[in-house]
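Below, chain A is the first sequence line, B the second, and so on; all start at residue 1.
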Amino acid sequence: MLDRSFIRSNPDSVREGAALKRIEVPLDEFLTVDAELRTLKTELDGKRAESNATGKTIGELMRAGKKDEAASHQDRGKSLREEIQSGEERERELEARLLEIELQIPNMPHESVPIGTSEEDNQVVLEWGERPSFNFPPKPHWEIAESLGIIDFAAGSKVSGSGFIVYRGFGARLQRALFNYMVDFQTQQRGYVEIYPPFVVNRASLLGTGQLPKFEEDLYLMERDDLFLIPTAEVPVTNIHRDEILDSEQLPIKYAAFSACFRREAGAAGKDTRGLLRVHEFDKVELVKFCTPESSYAELETMRGDAEAVLQSLGLCYRTVMLCTAELSFSNAKCYDLEIWAPAIEKHLEISSASNFEAFQARRANIRYRSEQGAKPQFVHTLNASGVALPRLMAVLLETNQQEDGSVKIPEPLRPYVGTDVIPAN
RNA sequence: GGAGAGGUCGCAUAGUGGUCUAGUGCGCCGCACUCGAAAUGCGGUGAGGUCUCACGGCCUCCGUGGGUUCGAAUCCCACCCUCUCCGCCA
């Protein structure tokens, strides 16, 4: 959400910012509704003031035993009451409509974000590692996984449906090793506090981080309880501090959380869906930061570095891309994607996004801080990065470390977690 | 799921229709006393909106949303959350 008075005084910048993200916003309606609402509020405040005074006068007269005189004020009180009530009804309508519009207005892109219209306009800011080469034809990860017997795609479909995975034996072990390794890495080497959040959240939380109201279709909803499966740990972890005022000494707050993530992926069928590339349920370690506005862009860089460090430690080839305006998501001001190179399918796979939301989520979720004691509370900046998503990481690990005999080598830092140097060929 | 209790200004509590523009204690800030501190005393102490150059004024907020009333923290309805006991269950 943007600041209401900012929209009011800079409608052209808002229109332009939204256009850069290729999102249309009913700004003219915002302005008329906002103006009407403010006039109405001023008017109602005056009437309430008069009504309060009338009530007080009646109270005093009653106490003094002047019943008749008190009664003479009651008519005025009653008519004020009626006027206030009908005004409030209108106020509620306008407020609801304004909020509805407001929630549709995207965050503005940061000035450092390249202007563009498609993926082509993203900027590669870093390329790390060398693409592995093989003296045998490398197999795609789904073939490796099936021949090693570590992933059972058919069982996943049978048990739950397409897009759900059963990991078996070393596959399951590798999965568990990866998230343990990554959580340990971020908490022990990078100063994050470990969080284990609920995987189910309420509407208020999803509204706070911006998934609702626009993206309800993408979420799994349990109607009986009006609860949702989380699409990312970002939702529960960011909402930990919803409706709080933090002390500046607490900042920056850095959380690392493992969770399963659930996504309906409605409308995504057919695109990059082979193997582990797009699934409905996957595991992920998520990094979340709360910090001051002054430091958020520096924090974005270090957070991106924290996610990259995991890939570097595993010896993977990747590149970091700064998204152009058109590719930025609704809530984002600036975003880097980390894309790892899958050598067999010869594609870059998006494995992490590191984003600065500035005050956009904080305003929705009402997360504030005081710069010093007695200072007026202001909104924090929130950031998050995947650190990182597991299925694609597993896919690339398998493809990158496959051997001619069909076995797969385990990268050094993972060995203590997996309990083996190599997953043997069958 | 059933029965009961409860959600009040950072914390703890008081308040059951009109001196509640919410009292008191603790905490915190300022001042006084002191060489300094403690103790003590005095004053202050939330959030949001709006008007004003400013001083300051007005409005809203006592879990949330409605309602009754000239007037609601207080009465009514619905919902949410917490605690205790019972039931069920990993």
Side-chain angles (χ1 to χ4, degrees), chain A residues 1-9 30-31 33-103 196-208 212-213 221-228 236 239-251 260 359 362-380:
Chain A
M1 211 151 55
L2 298 175
D3 181 24
R4 223 173 247 190
S5 67
F6 173 81
I7 303 175
R8 193 146 60 218
S9 40
F30 175 92
L31 295 171
V33 174
D34 176 64
E36 186 183 343
L37 181 60
R38 293 192 321 137
T39 312
L40 180 65
K41 274 190 169 170
T42 311
E43 195 185 308
L44 278 175
D45 275 1
K47 283 182 180 159
R48 287 198 192 102
E50 194 187 338
S51 166
N52 288 345
T54 307
K56 202 170 178 178
T57 306
I58 293 170
E60 278 161 12
L61 291 170
M62 295 287 247
R63 245 176 288 118
K66 300 176 184 170
K67 267 201 168 165
D68 293 347
E69 210 177 320
S72 71
H73 289 276
Q74 287 190 354
D75 284 349
R76 179 59 187 155
K78 191 163 195 155
S79 71
L80 277 169
R81 178 66 188 175
E82 279 158 10
E83 287 172 37
I84 290 169
Q85 252 171 350
S86 70
E88 281 175 341
E89 206 172 300
R90 179 67 183 150
E91 188 184 22
R92 276 197 290 275
E93 283 168 24
L94 292 171
E95 190 63 68
R97 181 55 192 148
L98 195 62
L99 184 65
E100 206 177 315
I101 297 172
E102 235 174 356
L103 290 173
Y196 187 91
F199 296 179
V200 167
V201 291
N202 55 31
R203 281 180 187 273
S205 293
L206 288 156
L207 204 65
L212 289 182
L221 164 64
M222 290 163 288
E223 278 188 34
R224 186 191 294 263
D225 300 297
D226 203 32
L227 292 169
F228 295 82
N239 278 282
I240 287 173
H241 295 297
R242 172 150 48 84
D243 292 321
E244 288 185 9
I245 300 176
L246 304 163
D247 290 328
S248 60
E249 305 89 74
Q250 293 175 263
L251 302 177
R363 194 172 284 112
R364 286 175 166 237
N366 194 28
I367 307 170
R368 293 172 292 176
Y369 80 104
R370 252 185 260 276
S371 54
E372 56 190 314
Q373 223 195 354
K376 194 177 150 75
Q378 53 184 315
F379 292 110
V380 299

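- Within the nucleic acid shown, A:Arg92 comes within 4.0 Å of sugar-phosphate atoms alone, with no base atom in reach, counting heavy atoms only.
- Using atom P as the reference point in both B:G44 and B:U24, the two lie 10 Å apart (nearest Å).
- For the C1' atoms, the distance from B:U16 to B:A72 is 11 Å, rounded to whole Å.
- Take the nearest nucleotide of RNA chain B for A:Arg76 and for A:Met62: the residue whose nucleotide is more 5' is A:Met62.
- Across the C1' atoms, B:U74 and B:U8 are found 11 Å apart, a figure rounded to whole Å.
- Within 4.0 Å (heavy atoms only), A:Glu82 reaches no atom of the nucleic acid at all.
- Salt bridge absent: A:Asp34 and A:Arg4 never bring a charged side-chain N and a carboxylate O closer than 4.0 Å.
- One interatomic measurement links the two molecules: CG of A:Asn366 to P of B:G48, which rounds to 9 Å at whole-angstrom precision.
- The CZ-P distance, from A:Phe379 to B:A47, rounds to 13 Å in whole Å.
- Distance A:Glu83 CD to B:C70 C1': 14 Å, rounded to the nearest Å.
- Looking at heavy-atom distances under 4.0 Å, A:Arg8 makes contact with sugar-phosphate atoms alone, never a base.
- The base-pairing partner of B:C33, taking Watson-Crick or G-U wobble contacts with both distances under 3.5 Å, does not exist among the strands shown.
- Distance from the side chain of A:Gln85 is smallest to B:U68 among B:U68, B:C58, B:C70.
- Counting to the nearest Å, the P atom of B:C11 and the CD atom of A:Glu244 are 11 Å from each other.
- Of the listed nucleotides (B:G18, B:C51, B:G49), B:G18 has the atom at the smallest distance from the side chain of A:Ile58.
- B:A54: no Watson-Crick or G-U partner with both key distances under 3.5 Å is found in any strand.
- Side-chain contact of A:Gln250 with A:Tyr369: a donor-acceptor pair under 3.5 Å is absent, judged by distance alone.
- For A:Glu91 and B:G65, the CD to C1' distance is 15 Å, given to the nearest whole Å.
- Taking atom CD of residue A:Glu249 and atom P of nucleotide B:G10, one finds them 18 Å apart after rounding to whole Å.
- In this structure B:C11 sits in a base pair with B:G25, meeting the Watson-Crick or G-U test at under 3.5 Å.
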For A:Arg48 and A:Asp45: C-alpha separation, side-chain torsions, deciding distance, then whether salt bridge (Lys or Arg N to Asp or Glu O under 4.0 Å) applies. CA-CA 5 Å; A:Arg48 287 198 192 102; A:Asp45 275 1; 3.2 Å; yes
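- Taking atom P on both nucleotides, B:G71 is separated from B:G67 by 12 Å, rounded to a whole Å.
- At a threshold of 4.0 Å, the pair A:Arg81-A:Glu50 does not count as salt-bridged, since none of the basic side-chain nitrogens sits closer than that to a carboxylate oxygen.
- Residue A:Arg4 is out of contact with every strand shown, counting any heavy-atom pair closer than 4.0 Å.
- Heavy atoms of A:Gly59 sit under 4.0 angstrom from at least one base atom.
- With both ends at atom C1', the span from B:C9 to B:A5 equals 24 Å, rounded to whole Å.
- For B:U19, there is no paired base (Watson-Crick or G-U wobble, both distances below 3.5 Å).
- B:A38 and B:C33 are spaced 15 Å apart, taking the P atom of each and rounding to whole Å.
- B:G1 and B:C86 make up a base pair, with Watson-Crick or G-U wobble contacts both under 3.5 Å.
- If you check every strand for non-hydrogen atoms under 4.0 Å, A:Arg81 touches a base.
- When the P atom of B:G66 is taken as reference, atom CD of A:Glu88 falls 9 Å away, rounded to whole Å.
- Here B:C61 presents its P atom at 9 Å from CG of A:Asn52, a figure rounded to the nearest Å.
- Nucleotides B:U34 and B:A47, compared at atom C1', are 38 Å apart to the nearest Å.
- Checking A:Arg48 against A:Glu60, the closest nucleotide of RNA chain B that is more toward the 5' end is the one next to A:Glu60.
- OP1 or OP2 of B:A47 sits under 4.0 Å from a side-chain N or O of A:Arg370.
- Across all strands shown, B:A72 has no partner, as no Watson-Crick or G-U wobble contact with both distances under 3.5 Å is found.
- Look at B:A78: its Watson-Crick or wobble partner, with both distances under 3.5 angstrom, is B:U64.
- One finds no salt bridge joining A:Arg38 and A:Glu43 here, because no Lys/Arg side-chain nitrogen approaches an Asp/Glu carboxylate oxygen to under 4.0 Å.
- A salt bridge links A:Arg203 and A:Asp226; the closest N-O separation between the charged side-chain nitrogens and carboxylate oxygens is under 4.0 Å.
- Here the separation of B:C29 from B:G48, taken at their C1' atoms, is 23 Å to the nearest Å.
- A:Arg242 and A:Ser205 share a side-chain donor-acceptor pair at under 3.5 Å.
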